[in-house]
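The structure appears below as structure tokens.
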Amino acid sequence: MAISYGASAVGLVARMPSGPGPIPDDQIRMISRSVPPPVSTFLLTSETSVEEIIRHHNLTDTNTIQIVDALSEGTYSQLKSALPAVKIVQVIHVMDERSVDRAIEISGQVDALLLDSGNPDLKVKELGGTGRVHDWKLSRMIRERSACPVFLAGGLTPQNVRTAIEEVQPFAVDVCSGVRTEGVLDRRKLEAFFTGVVSTY
């Protein structure tokens with residue numbers, strides 16, 4: 001459904017401590033193998049060590065890995081050496097100006113940043129799908145100084161996506177809860193979201 005409306009990538013959410021839409025790894029693998037070649041497949045993983053991220057990717061076979069938490073063991077260089085054909089996207093949860101500094105530091109080590117509105121410091125981590133908007137001024141600062149492309153996420157909806165694009169000018173936008181109704185992908189919201197995206201170009 002998402003591809004039919006113009007999605008250039010699909011995010012496949014693996015096990016998470018919170019948030020909507022997780023699916024089993026074998027289903028991620030099945031979807032990633034069936035998506036047409038021009039469309040990217042993103043494994044959203046909450047693993048934080050390079051060894052476990054590689055193991056997780058081997059179970060799913062996507063062409064992109066979206067790391068939703070901070071690396072705890074290993075380096076991006078090690079990850080890229082082990083998986084040279086796979087793109088690495090690091091999520092930055094934009095909470096304050098320290099997030100800007102962290103994003104700029106990481107931007108030269110990954111293929112893209114994705115700016116979201118989670119809170120990894122909570123006892124039950126929020127690593128995406130919160131439906132909250134963060135401070136787009138901070139996102140704009142990151143986008144202006146980043147060494148890699150920047151994706152914008154976090155509380156995007158059909159009603160605000162045009163303003164978000166105009167204010168931040170990201171490489172791309174990412175949506176989850178903003179096109180769902182009672183946790184299920186909503187065709188009308190999805191269509192309205194893409195209409196909002198297209199109207200900015």
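Any value given below was found using the heavy atoms of this structure, including those in side chains, with hydrogens, waters and symmetry copies removed.
Hydrophobic cluster membership is shared by Met30 and Leu43, with clusters built from Ile, Leu, Val, Met, Phe, Trp and Tyr side chains linked at under 4.5 angstrom. Using a 4.5 Å cut-off between side-chain heavy atoms of Ile, Leu, Val, Met, Phe, Trp and Tyr, with links allowed through other members, Val86 and Ile31 fall into different hydrophobic clusters. Note on Leu115: it clusters hydrophobically with Ile88, by side-chain heavy-atom contacts below 4.5 Å among ILVMFWY residues. Follow the hydrophobic side-chain contacts under 4.5 Å out from Leu152 and you never reach Val10; the two are in separate clusters. Side-chain heavy atoms closer than 4.5 Å link hydrophobic residues (I, L, V, M, F, W, Y) into clusters, and following such links, possibly through other members, connects Val133 to Val175.
Within the 4.5 Å cutoff, side-chain heavy atoms of Trp136 are placed close to those of Asn160. For the pair Ile67 and Val91, the minimum side-chain heavy-atom distance is 4.5 Å or more. Counting heavy atoms from C-beta outward, His56 and Ile65 have side chains that stay 4.5 Å or more apart. Leu12 has its side chain out of reach of Leu44: every pair of non-hydrogen atoms, C-beta onward, lies at least 4.5 Å apart. Annotation: side chain of Glu73 is not in contact with side chain of Val50 (no heavy-atom distance under 4.5 Å). Ser32 is not listed as a side-chain neighbour of Thr60, based on a closest heavy-atom distance of 4.5 Å or more. Between Tyr76 and Ile106, the closest side-chain pair of non-hydrogen atoms falls below 4.5 Å. Considering only heavy atoms from C-beta on, Arg102 comes within 4.5 Å of Gln90 through its side chain.
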### side chain to side chain contact (heavy atoms under 4.5 Å, CB included) assessment of Ile92 paired with Leu114
CA-CA 6 Å; Ile92 302 292; Leu114 187 141; over 6 Å; no

### Query
Where do Thr48 and Leu71 land on the side chain to side chain contact (heavy atoms under 4.5 Å, CB included) test, with the steps shown first?
CA-CA 5 Å; Thr48 59; Leu71 278 187; 5.7 Å; no

### Task
Could you please spell out the steps behind the side chain to side chain contact (heavy atoms under 4.5 Å, CB included) verdict for Ile28 and Thr62?
CA-CA 8 Å; Ile28 292 175; Thr62 60; 3.9 Å; yes

### Message
Under the criterion side chain to side chain contact (heavy atoms under 4.5 Å, CB included), I'd like the reasoning laid out for Phe193 against Leu156: C-alpha separation, chi angles, the key distance, then a yes or no.
### Response
CA-CA 9 Å; Phe193 187 85; Leu156 299 183; 4.0 Å; yes

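Counting heavy atoms of neighbouring residues, nucleotides and ligands inside a 6.0 Å radius, atom CD of Glu144 exceeds 12 of them. Counting non-hydrogen atoms of other residues, nucleotides and ligands closer than 6.0 Å to CD of Glu97 gives a total of 12 or fewer. Other residues, nucleotides and ligands place more than 12 heavy atoms under 6.0 Å from the CD atom of Glu166. Counting heavy atoms of neighbouring residues, nucleotides and ligands inside a 6.0 Å radius, atom NZ of Lys87 does not exceed 12 of them. Within a 6.0 Å radius of CZ in Arg55, other residues, nucleotides and ligands contribute more than 12 heavy atoms.
Here the closest non-hydrogen pair linking Leu113 and Ser146 is CD1-OG, 3.8 Å. Lys189 and Arg180 get closest at one heavy-atom pair: NZ-O, 2.9 Å.
Ionic pairing of Arg15 and Asp25 is not present here: no N-O contact between side-chain nitrogen and carboxylate oxygen is shorter than 4.0 angstrom. Salt-bridge check for Arg187 with Glu191: failed, with every basic side-chain N at 4.0 Å or more from each acidic carboxylate O.
Between the side chain of Asp116 and the backbone N or O of His93 there is no donor-acceptor pair closer than 3.5 Å.
The distance from atom CE of Met141 to atom CD1 of Ile104, rounded to the nearest 0.5 Å, is 8.0 Å.
Between Phe194 and Tyr5, the two ring planes are parallel [angle under 30°; tilted spans 30° to 60°].
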